[in-house]
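For ligands, and for the atoms within them, numbers begin at 1 and follow the listed sequence.
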Amino acid sequence: MSNKYDAIVIGAGIIGACVGFELAKRGKRVLNVDKLAASGMGSTSGSCAIIRLHYSTPDGVAMAREGYYYWLDWSKYLGAVDPTGMVKYINTGCLVFKTEKNNYLNNVKSSLDALHVVYEELDTDGIKKLIPIVNTQQYGPPTLPSDLRFGQPTGGAIAGALYIPESGLISDPKQSVHNVQVAGENIGGEYLFKAEVVEILKKDGRCAGVKLSNGTEIETPIVVNVAGPHSYRINEMAGVIDDMNIKTRPLKQEVCHVPAPEGFDYNTLGTIISDSDIGCYSRPEVGNNILIGSEDPDCDTLEYVEDPDNYNTNFTQQWNTQVMRVAQRIKDMRIPNQTSGVVDLYDASDDWIPIYDKSKLPGYYMAVGTSGNQYKNAPVVGVLMAELIEACENGHDHDKDPIKLTMHYTKRECNIGFFSRLREINPDSSFSVIG
Ligand SMILES: Cc1cc2nc3c(=O)[nH]c(=O)nc-3n(C[C@H](O)[C@H](O)[C@H](O)COP(=O)(O)OP(=O)(O)OC[C@H]3O[C@@H](n4cnc5c(N)ncnc54)[C@H](O)[C@@H]3O)c2cc1C
């Protein structure tokens with residue numbers, strides 16, 4: 001390892017690896033530094049790795065659409081084969097229930113239409129035909145199990161759903177980062193593990209390098225903060241937070257794994273389900289299991305974490321709440337006595353939309369606040385950040401005149417200013433993991 005690079009990326013999760021890869025493609029000597037022992041061991045390893053296209057804004061759909069094509073074309077994008085195995089995109093389709101909370105998907109439909117994403121509108125018969133084990137009774141708005149209303153119908157059937165056939169998941173999120181690492185290393189990118197950044201070095205009013213916990217200093221004119229749930233800490237070190245209108249915080253999440261109803265092959269016949277009527281999303285999980293995550297309904301108390309290195313990593317009552325919620329929807333779903341699944345952290349932004357931006361410190365950039373929904377977009381974020389960094393380093397004032405990127409597959413223009421740290425809170429956001 002040298003002690004001088006063109007760029008240092010703090011973090012070797014899926015987004016950090018894709019940023020490093022794109023910078024290496026543009027001829028930069030780039031080093032990804034991570035305090036953990038290998039790539040993908042941060043929050044990416046806990047990701048549900050769902051690749052879905054429905055977002056509530058056309059910009060959200062556009063990014064997801066673009067990202068989807070990268071995952072379909074994974075080997076072509078990487079231009080390399082990882083000898084330890086390449087991940088696969090598994091198409092499952094996605095069923096999204098219409099509720100008052102999501103404005104009966106009217107914004108989502110117009111956003112999908114804008115990007116020519118195919119979907120079907122299903123009534124309750126259509127939903128049952130697609131997945132016969134789904135109960136179409138309305139129970140929402142979601143409540144806590146301690147509420148007497150929990151589990152009681154709140155009207156007739158749910159208002160219908162959208163089915164988006166082009167949606168699925170990635171077989172192994174941690175391995176997907178290794179795939180990108182191999183591709184990056186093939187073209188000169190470097191990785192340093194077990195190396196914790198403790199200081200952002202500055203010289204002549206700009207960023208000049210990083211200092212590691214063992215005292216090593218590495219010089220570079222460009223530092224990119226892609227530290228996931230630790231992002232706010234790195235921003236604090238850089239002294240750039242007072243300039244940011246949107247901030248980031250680590251938020252605890254519990255993901256449950258439960259057996260699918262006996263006799264139903266969920267891995268083959270199940271789909272991703274986004275169900276704001278009960279406040280959960282779910283997807284098929286290996287071993288004929290159902291994976292359940294929370295859509296963080298209003299009745300739940302969000303568990304923001306002060307210290308991402310020291311928080312309660314056990315399952316809590318929240319695990320039971322999520323499982324009981326989905327048991328309302330899936331007929332004959334058994335509730336196991338043993339908890340199983342994943343506990344991890346989102347890097348949540350104030351409006352659940354990420355920050356892909358420069359900062360007030362020249363040479364210091366950030367791809368943070370990914371709010372539980374940016375795994376799918378990682379390859380696009382790599383390109384977007386490389387473009388942003390190149391333009392800013394060439395003197396462009398991105399804050400005054402936001403850079404626009406013509407996306408590779410969709411040919412749509414992405415205004416990178418949409419992700420600015422200086423934006424006002426976006427009122428069109430779902431203010432949840434849905435983005
Ligand atoms: C439970 C869960 C489910 C999710 N499900 C989905 C989903 O289905 N679909 C979707 O699109 N997105 C999903 N997401 C979001 C997605 O996984 C994340 O947005 C993405 O993985 C973030 O990648 P990253 O590279 O930014 O961060 P990370 O993977 O967290 O990587 C950050 C890295 O920075 C390192 N680091 C931190 N501080 C330092 C330091 N001081 N020095 C050196 N290294 C440091 C960490 O060790 C870590 O490896 C989910 C997230 C979670 C937690």
Heteroatom proximity flag, V255 to ligand 1, N/O under 3.5 Å: no
When you compare ligand 1 with G11, is there at least one nitrogen or oxygen pair between them that comes in under 3.5 angstrom? no
Identify the protein heavy atom lying closest to atom 49 (O) of ligand 1, giving its residue, its atom name and the separation to 0.1 Å. D34 OD2, 2.6 Å
Ligand 1 atoms in contact with L36 (distance to a heavy atom under 4.0 Å): 47 (O), 49 (O)
Any nitrogen or oxygen of T370, side chain or backbone, less than 3.5 Å from one on ligand 1? yes
Ionic contact status for K101 with D298, cut-off 4.0 Å: yes
E413, CD: over 12 other non-hydrogen atoms inside 6.0 angstrom: yes
Single hit among Y375, F21, Y409 for ring pair (Phe, Tyr, Trp, His ring centres under 6.0 Å) with Y70: Y409
Below 4.0 Å, non-hydrogen atoms only: which portion of S45 touches ligand 1? Side chain, backbone, both or neither. neither
N or O contact, V197 vs ligand 1, cut-off under 3.5 Å: yes
Tell me the protein heavy atom at minimum distance from atom 25 (O) of ligand 1, and give that distance in Å. I15 N, 3.0 Å
For atom 36 (N) of ligand 1, the option (of C48, A227, G67, G46) bearing the nearest heavy atom: A227
Atom pair CG (N225) and CD1 (I8), whose distance is rounded to the nearest 0.5 Å: 13.0 Å
Under 4.0 Å from a heavy atom of P229: which atoms of ligand 1 are those, numbered in the order shown and with their elements? 30 (O)
If you draw the axis of the six-membered ring of F419, does the NZ or CZ of R421 fall within 45° of it and under 6.0 Å from the ring centre? no
Salt bridge between R412 and E66, side-chain N to carboxylate O under 4.0 Å? no
Ligand-side contact atoms (ligand 1) for residue partner N373, heavy atom cut-off under 4.0 Å: 10 (C), 11 (O), 12 (N), 15 (C)
Should you measure from each heavy atom of G228, which atoms of ligand 1 turn up under 4.0 Å away? 27 (O), 30 (O), 32 (C)
Lys/Arg N to Asp/Glu carboxylate O, R325 vs D275, below 4.0 Å: no
Give the residue and atom name of whichever protein heavy atom lies nearest to atom 6 (C) of ligand 1, and the separation in Å to one decimal. S47 OG, 3.3 Å
Is K76 atom NZ crowded by more than 12 heavy atoms from other residues, nucleotides or ligands, each under 6.0 Å away? no
Under 4.0 Å between a Lys/Arg side-chain N and an Asp/Glu carboxylate O for R233 and D307? yes
Which is closest to atom 21 (O) of ligand 1 by heavy-atom distance: L212, T44, N377? T44
Starting from atom 30 (O) of ligand 1, locate the nearest protein heavy atom and write down its residue, its atom name and how far away it is, to 0.1 Å. S43 OG, 2.7 Å
What part of A378, side chain, backbone, both or neither, has a heavy atom within less than 4.0 angstrom of ligand 1? neither
Checking a contact table here: which protein heavy atom is nearest atom 11 (O) of ligand 1, and how many Å away? K376 NZ, 2.7 Å
Do any nitrogen or oxygen atoms of I234 come within less than 3.5 Å of a nitrogen or oxygen of ligand 1? no
Taking the side chain as C-beta and beyond, is there a heavy-atom pair between V326 and Y281 under 4.5 Å? no
Does the residue S39 have a heavy-atom contact with ligand 1, meaning some pair of atoms that are separated by less than 4.0 Å? no
Can V342 be said to touch ligand 1, with heavy atoms closer than 4.0 Å? no
Contacting atoms of ligand 1, where contact means under 4.0 angstrom from a heavy atom of A195: 42 (N), 43 (C)
Find the distance between CG (L23) and SG (C18) and round it off to the nearest 0.5 Å. 11.0 Å
With the threshold set at under 4.0 angstrom, would you say M41 reaches ligand 1 through any of its heavy atoms? no
Ion pair present between E22 and K28, side-chain N to carboxylate O less than 4.0 angstrom? no
One thing to verify: whether K360 and D242 come together as a salt bridge, which I'm taking to mean a side-chain N less than 4.0 angstrom from a carboxylate O. yes
Less than 4.0 angstrom from a charged side-chain N to a carboxylate O is my criterion; do E219 and K203 meet it? no
What protein heavy atom is closest to atom 45 (C) of ligand 1, reported as residue, atom name and distance in Å? K35 CG, 3.8 Å
Is R52 salt-bridged to E166, cutoff N-O under 4.0 Å? no
Is there any N or O on A367 that sits under 3.5 Å from an N or O of ligand 1? no
Any N/O pair Y346/ligand 1 closer than 3.5 Å: no
For atom 7 (C) of ligand 1, closest protein heavy-atom neighbour: I50 N, 3.4 Å
What atoms in ligand 1 come closer than 4.0 Å to a heavy atom of V33? 43 (C), 44 (N)
Can a salt bridge be assigned to the pair K194 and D34 using a cut-off of 4.0 Å between side-chain N and carboxylate O? no
Per-atom contacts of ligand 1 with V226, taking only distances under 4.0 Å to non-hydrogen atoms: 26 (O), 32 (C), 34 (O)
Numbering the atoms of ligand 1 from 1, which are under 4.0 Å from a heavy atom of G16? 25 (O)
Do T406 and E387 touch side chain to side chain, with heavy atoms closer than 4.5 Å? no
Among non-hydrogen protein atoms, atom 14 (N) of ligand 1 lies closest to G372 O, 3.2 Å
